[in-house]
2 protein chains.
Amino acid sequence: MKSAAKAQQAEDSADTGAQQIRDAIREAIVERRLSPGTKLSESDVGNLFNVSRTLARAALQALSYEGLVSVEKNRGAFVAYPSPEEARQIFSARRLVEPGILREAAAQITPDDIAHLRQLLLEEGRLMSERGQTARRAEIKASGDFHLTLALISGNSIMQRFMEELVARSSLVIALYGQSTASSCGHSEHGDIISAIEANELDRACQLMLHHIAHIEADLDLRERKSLGLKEAFEL
Amino acid sequence: MKSAAKAQQAEDSADTGAQQIRDAIREAIVERRLSPGTKLSESDVGNLFNVSRTLARAALQALSYEGLVSVEKNRGAFVAYPSPEEARQIFSARRLVEPGILREAAAQITPDDIAHLRQLLLEEGRLMSERGQTARRAEIKASGDFHLTLALISGNSIMQRFMEELVARSSLVIALYGQSTASSCGHSEHGDIISAIEANELDRACQLMLHHIAHIEADLDLRERKSLGLKEAFEL
DNA sequence: GTGCAGAAAATCGTATACAATTTTGCCGCC
DNA sequence: GGCGGCAAAATTGTATACGATTTTCTGCAC
């Protein structure tokens with residue numbers, strides 16, 4: 001299977017066309033096929049997807065609202081290059097909201113949900129053992145899906161959307177500053193969290209979640225790089 | 001004076017033109033000059049601001065990402081008409097994040113910040129005693145500014161942006177479902193929260209914040225209205 | 001008078017065109 | 001050879017144009 005839902009959801013909001021392009025580019029960014037700092041010219045995007053600059057522009061705009069793309073006036077759009085400070089804020093935000101989301105999710109979780117989570121976990125573990133960049137990419141996504149699914153279960157679509165943004169941006173941060181080969185989350189920690197939820201030990205589950213996020217962040221090297229202008233020169 | 005800041009801030013991100021239009025419309029929505037359900041046709045918006053449909057469309061798109069405007073394919077954009085369920089989610093999200101924001105803000109608050117908050121409080125109180133719709137609108141904004149300022153003080157720009165969205169959408173919800181004449185927040189509760197922060201009683205401050213949000217929500221009448229289609233007919 | 005078809009009007013979706021700005025390359029000058 | 005400056009190229013900002021879809025209006029049949 002490709003990658004879960006193919007973007008068949010609500011066909012009744014926003015621009016039809018730009019949506020698909022946005023999703024495609026976002027997926028490419030999250031899966032790290034597009035590196036931070038890469039220039040995304042409107043013409044190129046348009047040609048790539050066989051649409052006019054109008055739609056390409058709309059897609060890039062949308063991505064900039066999500067923080068995945070930064071557009072500079074009269075200069076164009078680039079895959080976001082989050083600063084260390086920005087990275088800290090992203091994880092700070094996750095520490096702030098994820099325990100709350102977890103509690104809400106636990107409050108109305110069903111056996112089906114738990115089965116779903118364990119299913120994700122299994123998939124994640126399978127991908128971890130595999131070699132190759134494709135598996136690595138899928139693993140990144142699967143790892144994020146755990147956090148996203150929790151938000152889904154919580155039933156609050158606003159928090160769900162916010163978490164989608166945070167997870168996507170986290171992927172960018174990890175791509176930039178991650179050190180360990182273990183590309184993303186500690187896999188076992190996800191399982192521990194599910195178990196704690198199942199055992200109805202909410203406080204412990206939240207603690208585990210906080211540690212989990214801390215572990216991800218601990219794997220980052222957030223030292224300030226020299227000048228940003230210089231840096232970009234190398235990225236291009 | 002026209003309407004506070006004329007939109008002169010960071011001139012170096014996004015589309016220049018559409019930004020101003022977006023801000024102007026958002027302000028109109030938050031201040032309740034535009035009612036939920038009002039149609040915002042691209043042509044009308046464009047004519048109103050003397051720009052082409054292109055920019056008008058971009059502005060409406062941006063607002064739809066913030067949840068203030070809902071665009072329906074091939075039908076147009078409307079000032080969002082949040083459902084009771086959506087309203088509940090908005091306040092649920094606020095209960096979830098605002099205590100955390102408060103803690104972060106308290107962790108690095110300066111005397112200047114406290115002075116600033118008290119200043120806001122004073123302004124808010126002054127507006128509350130005034131009569132007239134203009135004062136009422138200013139009061140709505142001032143009331144939101146308290147929560148926004150806390151997010152600002154927290155130093156996390158991501159949470160700040162999220163809170164901006166939540167406060168703006170809250171204004172829509174209150175406009176739709178609010179009952180009491182006291183249009184927005186309990187003014188005194190803001191003061192209590194500041195005092196608790198000053199006294200370094202964080203737990204109490206968080207409790208106060210939660211109660212405060214609960215009070216706002218308690219003033220809403222979130223009973224389901226009949227059919228949504230019928231409702232819209234009356235809104236148009 | 002009511003109801004339904006079909007045309008006209010309005011509005012959105014997308015592409016293209018043109019203006020403005022930035023970037024790049026070239027040439028003369030020091 | 002290096003440094004400024006001007007012109008060409010590329011790219012974005014905005015407007016206009018055209019096709020598609022929805023809505024509204026009209027008129028005819030019942």
Side-chain angles (χ1 to χ4, degrees), chain A residues 7 10-25 34 37-65 68-80 228-236, chain B residues 7-25 34 37-65 68-80 228-236:
Chain A
E11 280 296 1
D12 188 68
S13 67
D15 298 7
T16 51
Q19 218 84 334
Q20 287 178 249
I21 298 171
R22 168 173 68 79
D23 291 343
I25 297 180
L34 282 170
T38 304
K39 163 131 201 189
L40 302 173
S41 109
E42 297 177 355
S43 314
D44 291 353
V45 172
N47 290 346
L48 190 56
F49 291 92
N50 287 104
V51 296
S52 73
R53 265 183 58 218
T54 306
L55 289 191
R57 185 185 183 82
L60 293 172
Q61 282 284 126
L63 288 166
S64 95
Y65 291 123
L68 292 182
V69 158
S70 79
V71 313
E72 301 175 32
K73 175 169 168 161
N74 275 317
R75 288 197 16 99
F78 305 82
V79 178
L228 281 83
L230 195 59
K231 185 175 51 189
E232 282 182 288
F234 282 91
E235 288 306 313
L236 291 173
Chain B
Q8 180 106 24
Q9 56 260 56
E11 280 295 2
D12 188 68
S13 69
D15 297 7
T16 51
Q19 217 84 333
Q20 287 178 246
I21 299 171
R22 167 172 70 78
D23 291 343
I25 298 180
L34 283 170
T38 303
K39 163 131 202 192
L40 302 172
S41 111
E42 297 177 354
S43 315
D44 290 352
V45 172
N47 290 346
L48 189 57
F49 291 92
N50 286 103
V51 296
S52 73
R53 265 185 57 218
T54 306
L55 290 190
R57 185 185 183 80
L60 292 172
Q61 281 285 126
L63 288 166
S64 96
Y65 291 124
L68 292 182
V69 157
S70 78
V71 312
E72 300 175 32
K73 175 169 169 159
N74 276 319
R75 287 196 15 100
F78 305 82
V79 178
L228 281 83
L230 193 60
K231 184 175 51 189
E232 283 181 287
F234 283 91
E235 288 306 314
L236 291 173

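Values below: all heavy atoms of this structure, side chains included; hydrogens, waters and symmetry mates excluded.
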Are Asp23(B) and Ile21(B) close enough that some pair of their side-chain heavy atoms sits under 4.5 Å apart? no
Between OG of Ser64(A) and CD of Glu72(A), what distance do you get to the nearest 0.5 Å? 11.5 Å
When rounded to whole Å, the CG to P distance for the pair Leu60(A) and dG13(D) reads 10 Å
Using whole Å, report how far CD of Glu72(A) lies from C1' of dG13(D). 16 Å
Closest to the Lys39(A) side chain: dT14(C), dT11(D), dT14(D)? dT11(D)
Glu42(A) CD to dT14(C) P: how many Å, rounded? 16 Å
NZ of Lys73(B) versus C1' of dT11(C): gap in Å, rounded? 15 Å
For the helix from dG1(C)-dC30(D) to dC30(C)-dG1(D), what angle lies between the axis at the first five pairs and the axis at the last five pairs, to 10 degrees? 0°
All N/O pairs under 3.5 Å across the protein-nucleotides 15-20 of chain D interface:
residue, atom, partner, partner atom, Å
dA15(D), OP2, Ser52(B), N, 2.9
dA15(D), OP2, Ser52(B), OG, 2.8
dA15(D), N7, Thr54(B), OG1, 2.9
dT16(D), O4, Thr54(B), OG1, 3.4

Gln19(B) CD to dT12(D) C1', in whole Å, measures 15 Å
Does Arg75(A) make a side-chain N or O approach to OP1 or OP2 of dT11(D) shorter than 4.0 Å? no
Residues which pass side chain to side chain contact (heavy atoms under 4.5 Å, CB included) with Ala56(A), listed by chain and number, not counting sequence neighbours: Val45(A)
Sequence neighbours excluded, the answer for side chain to side chain contact (heavy atoms under 4.5 Å, CB included) partners of Val79(B) is Ile29(B), Leu34(B), Thr38(B), Leu40(B), Leu172(B)
Non-hydrogen side-chain atoms of Phe49(B) and Ile25(B) separated by less than 4.5 Å: yes
Protein-nucleotide distance (Phe49(A), atom CZ; dA15(C), atom P), rounded to Å: 13 Å
Measuring from atom NZ of Lys39(B) to atom CZ of Arg75(B), what distance do you get when rounded to the nearest 0.5 angstrom? 6.5 Å
For Leu40(A) and dA10(D), give me the distance from atom CG to atom C1', rounded to whole Å. 17 Å
Measure the spacing between CG of Leu60(B) and OG of Ser41(B) and express it to the nearest 0.5 Å. 8.5 Å
Gln61(A) atom CD is separated from dG13(D) atom C1', nearest whole Å, by 11 Å
Rounded to the nearest 0.5 Å, what separates atom CG in Leu55(B) from atom CD in Gln19(B)? 11.0 Å
Name all residues meeting the side chain to side chain contact (heavy atoms under 4.5 Å, CB included) criterion together with Thr54(A); count only those two or more places apart in sequence or in a different chain, and write none if there are none. Ser52(A)
